[in-house]
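Heavy atoms only: backbone and side chains are in, while hydrogens, waters and symmetry mates are out.
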Amino acid sequence: VTLYKAAKKRFDADDDFKVRSREGVVKLQAGDKEALAAWESLCAASRVEYQKIYDVLNIVGLNERGESFYNPYLLNVIEDLEGQGLAVESE
């Protein structure tokens with residue numbers, strides 16, 4: 001949590017960090033191997049902390065799915081929403 005709070009504070013205060021952060025997200029979403037490795041490292045550290053909470057709450061058998069799990073389904077969802085007039089392209 002400390003890392004995320006510090007990153008958010010820096011993101012809000014440092015324009016260069018903000019630009020690099022956004023570029024990093026683009027690389028991650030594009031499947032860049034280095035960005036994916038860094039992300040996996042952050043996820044692994046987060047899982048260790050989440051597990052402590054799951055243990056206290058006696059949560060077992062959790063099937064973890066991050067946002068990227070839904071990537072293969074997005075195109076069909078977008079096409080469906082556009083077909084129904086519920087989504088339009090914008091900036």
Side-chain angles (χ1 to χ4, degrees):
V1 173
T2 303
L3 173 67
Y4 294 109
K5 287 182 179 180
K8 172 64 172 145
K9 185 175 181 179
R10 186 169 178 193
F11 183 87
D12 291 341
D14 183 339
D15 287 337
D16 185 53
F17 181 76
K18 187 180 294 187
V19 168
R20 289 194 328 270
S21 297
R22 288 180 174 151
E23 289 170 351
V25 169
V26 169
K27 287 180 181 180
L28 179 64
Q29 292 174 338
D32 178 84
K33 290 185 183 207
E34 186 176 324
L36 285 169
W39 179 250
E40 281 300 321
S41 177
L42 282 171
C43 289
S46 294
R47 283 184 199 100
V48 169
E49 298 304 315
Y50 295 156
Q51 190 59 51
K52 294 174 186 176
I53 297 168
Y54 300 154
D55 291 345
V56 169
L57 297 172
N58 197 31
I59 297 173
V60 294
L62 184 66
N63 189 4
E64 178 185 307
R65 292 192 174 132
E67 298 92 11
S68 61
F69 169 81
Y70 299 96
N71 284 349
Y73 307 104
L74 291 178
L75 183 58
N76 289 337
V77 171
I78 292 168
E79 290 172 348
D80 186 41
L81 292 172
E82 287 175 337
Q84 296 178 55
L86 298 173
V88 294
E89 189 171 336
S90 67
E91 286 184 59

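- Here the straight-line distance linking atom CG of D16 with atom OG of S21 works out to 9.0 Å at 0.5 Å rounding.
- For the atom pair L57 CG and L62 CG, the distance stands at 11.5 Å (nearest 0.5 Å).
- Through direct or relayed side-chain contacts under 4.5 Å between Ile, Leu, Val, Met, Phe, Trp and Tyr, F17 connects to F11.
- Remark: E64 CD to F69 CZ distance equals 12.0 Å, nearest 0.5 Å.
- L81 and L74 sit in two unconnected hydrophobic clusters of ILVMFWY residues. Membership requires side-chain heavy atoms under 4.5 Å apart, directly or through other members.
- I59 and I53 end up in the same hydrophobic cluster when Ile, Leu, Val, Met, Phe, Trp and Tyr side chains are linked at under 4.5 Å.
- Looking only at distances, a side-chain donor or acceptor of S46 sits under 3.5 Å from a matching main-chain atom of L42.
- Inter-residue side-chain proximity for R22 and K18 is flagged as met; some heavy-atom pair is nearer than 4.5 Å.
- Taking NZ of K5 as the reference point, atom NZ of K9 lies at 11.5 Å (rounded to 0.5 Å).
- At most 12 non-hydrogen atoms from other residues, nucleotides or ligands lie less than 6.0 angstrom from OH of Y73.
- E34 CD: 12 or fewer foreign heavy atoms inside a 6.0 Å radius.
- Hydrophobic clustering, with ILVMFWY side chains joined whenever heavy atoms are under 4.5 angstrom apart, keeps W39 apart from V25.
- In plain terms, the two heavy atoms of A35 and G24 that are nearest each other are CB-O, 4.4 Å.
- Remark: E49 CD to L3 CG distance equals 11.5 Å, nearest 0.5 Å.
- Using a 4.0 Å cut-off between charged nitrogen and carboxylate oxygen, R20 and E23 do not count as a salt-bridge pair.
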